[in-house]
Amino acid sequence: MAVERTLVLCKPDAVRRGLSGEIVARFERRGFVLKGARLLKVSKGLAQQHYEEHKGKPFFGELVAFITSGPVLALAIEGESAISVVRTMMGATNPANSAPGTIRGDLALEMSENVIHGSDSKASAKRELALFFPDGLV
Ligand code: IDP
Ligand code: MG
């Protein structure tokens, strides 16, 4: 048990569909605290760095094209066990398998447009927060 920080991205589909407020509200209602929030258009370079673990996979090009297709809302979220709890709240990667009550299970239907990203480990959270909040957090 430890207070952690993690990176959440409301992906371009979420921003486009007007769902970022609902996503923020879910995390705040759960008890998490916002330590950073930034609306930005992700550059191709940032996208490639962010998704470097997927380099070489057949869907990598599609992934980069999608995350750069419109603004994302980047959030730094803090709270008890934030990394794993946020992942649980997100639901399974493929929304067709995401449980109702999860963000993807309630708001998405397709793997490529699954509304949210959340860091998957302590190392990823540290790396991804530094990419999206290079000036640090409050
Ligand atoms: P995650 O977002 O649940 O952590 P990852 O395995 O890290 O899932 O994949 C990153 C993103 O890449 C997913 O959110 C999804 O949008 C997309 N993705 C993952 N696997 C596939 C695939 O097999 N085909 C197409 N897109 C995929
Ligand atoms: Mg991932």
Side-chain angles (χ1 to χ4, degrees):
M1 301 286 274
V3 173
E4 296 172 338
R5 286 179 176 179
T6 191
L7 177 80
V8 163
L9 299 178
C10 300
K11 292 183 177 182
D13 55 333
V15 174
R16 210 176 283 134
R17 292 169 61 201
L19 298 174
S20 40
E22 161 149 7
I23 292 169
V24 170
R26 285 185 181 217
F27 290 124
E28 289 187 323
R29 284 205 306 264
R30 186 71 188 259
F32 290 118
V33 176
L34 287 184
K35 304 302 285 187
R38 203 183 146 206
L39 188 75
L40 73 153
K41 185 104 190 290
V42 176
S43 68
K44 195 172 174 188
L46 176 58
Q48 287 172 337
Q49 275 182 287
H50 173 66
Y51 280 131
E52 72 178 12
E53 65 171 307
H54 298 298
K55 233 171 234 172
K57 294 185 187 169
F59 58 90
F60 184 69
E62 184 193 332
L63 202 51
V64 169
F66 174 62
I67 204 73
T68 58
S69 68
V72 305
L73 181 65
L75 304 169
I77 285 183
E78 182 180 274
E80 179 60 43
S81 303
I83 298 165
S84 63
V85 174
V86 165
R87 293 283 300 183
T88 302
M89 290 174 71
M90 284 164 51
T93 302
N94 186 345
N97 303 322
S98 306
T102 65
I103 291 166
R104 286 168 171 162
D106 289 345
L107 303 177
L109 208 50
E110 283 180 45
M111 176 84 114
S112 55
E113 302 205 353
N114 60 1
V115 301
I116 185 168
H117 166 86
S119 307
D120 64 4
S121 67
K122 276 186 188 179
S124 300
K126 190 171 178 213
R127 189 182 77 84
E128 294 172 0
L129 284 167
L131 282 177
F132 281 86
F133 294 96
D135 297 333
L137 300 169
V138 293

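Both ligands and their constituent atoms are indexed starting at 1 by order of listing. By convention here, the first residue in the shown sequence is residue 1. Worth knowing before you read on, the calculation uses all heavy atoms, side chains too, and leaves out hydrogens, waters and symmetry mates.
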message = Heavy atom to atom 4 (O) of ligand 1, shortest distance: which of Arg87, His117, Lys57 holds it?
response =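 Looking at heavy atoms only, Arg87 sits closest to atom 4 (O) of ligand 1.
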
key: Closest to atom 1 (P) of ligand 1 among Val115, Asp120, Thr93 (heavy-atom distance)   =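 Result: the heavy atom closest to atom 1 (P) of ligand 1 is in Thr93.
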
query = Parallel under 30°, tilted from 30 to 60°, perpendicular over 60°: which one fits the rings of Phe132 and His50?
reply =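 Geometry flag for His50 against Phe132: perpendicular rings.
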
request  = Under the side-chain hydrogen bond (donor to acceptor under 3.5 Å, both in side chains) rule, collect the residues that match up with Asp120, sequence neighbours excluded.
outcome  =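 Counting only residues at least two positions away or on another chain, Asp120 forms a side-chain hydrogen bond (donor to acceptor under 3.5 Å, both in side chains) with Ser124.
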
ask   = Between Arg16 and Ser69, do the side chains contain an N or O donor and an N or O acceptor separated by less than 3.5 Å?
value =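 Note: Arg16 and Ser69 side chains meet the donor-acceptor criterion.
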
Considering non-hydrogen atoms of the protein only, which is the closest contact for [atom], and what is the distance?
{"atom": "atom 22 (C) of ligand 1", "value": "Phe59 CD2, 3.4 Å"}
{"atom": "atom 11 (C) of ligand 1", "value": "Leu63 CD1, 3.6 Å"}
{"atom": "atom 16 (O) of ligand 1", "value": "Met111 O, 2.8 Å"}

inquiry  = With heavy-atom distances below 4.0 Å as the criterion, list the atoms of ligand 1 near Arg104.
reply    =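 Within the 4.0 Å cut-off of Arg104, ligand 1 contributes 1 (P), 2 (O), 3 (O), 14 (O).
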
query = What part of His54, side chain from CB on, backbone N/CA/C/O, both or neither, has a heavy atom under 4.0 Å from ligand 1?
reply =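 Under 4.0 Å from ligand 1, His54 contributes side-chain atoms alone.
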
request  = Check each heavy atom of His50 against ligand 1 and say whether those closer than 4.0 Å belong to the side chain, the backbone, both or neither.
outcome  =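 Within the 4.0 Å criterion, His50 makes no contact with ligand 1.
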
Ionic contact status for Asp135 with Arg38, cut-off 4.0 Å =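 Looking at Arg38 and Asp135, the cut-off is not met.
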
ask   = Does Lys11 come within less than 4.0 angstrom of ligand 1, counting non-hydrogen atoms of the residue?
value =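 Flag set, Lys11 near ligand 1.
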
